[in-house]
Amino acid sequence: MSTTNVPQTDSPTRRRRLMTPEELADYLGVTLHCVYAWSSRGGGPTVLRVGARLRYRPDDVEAWLDRVTDNRVVG
C-alpha cells in the first residue's frame, strides 16, 4: 500500500486515479467542508462530476496549486 496521498497510476489504463473530496482535503490540509464549498462556489481545483460523485484529477490539483501559491522564500 502506498504511503502518499496522491493517487497512483492505474496499471491497465495508465491513468492516474481520480482523487475523492476526502483525499483532496487530506492532501491540501483543509477541511472537507472547504473542499465542498469550493465545488459549489468555485475557487478550488477543477472538479469533475462522475455520476453523482465529485472527483479531482491530480494534474488539475497541481496546476491549481501552482496558480494560487506564493513560492517566494520567507526569511
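- Taking the side chain as every heavy atom from C-beta outward, L54 and Y36 approach each other to under 4.5 Å.
- Listed for the W64 side chain is no donor-acceptor partner under 3.5 Å among the backbone atoms of D59.
- Of the options L24, D66, T46, a side chain to side chain contact (heavy atoms under 4.5 Å, CB included) to V61 is made by L24 and by none of the others.
- The distance from atom CG of L18 to atom CG of D60, rounded to the nearest 0.5 Å, is 9.5 Å.
- Interatomic distance, E62 CD to T69 OG1, rounded to the nearest 0.5 Å: 9.5 Å.
- Ion pairing between a basic and an acidic side chain is recognised when a charged N comes within 4.0 Å of a carboxylate O; E23 and R55 show no such pairing.
- Note that OH of Y56 and CG of L28 are 9.5 Å apart. Values are rounded to the nearest 0.5 Å.
- Smallest separation of non-hydrogen atoms from P45 and W38: CD-CE3, 4.0 Å.
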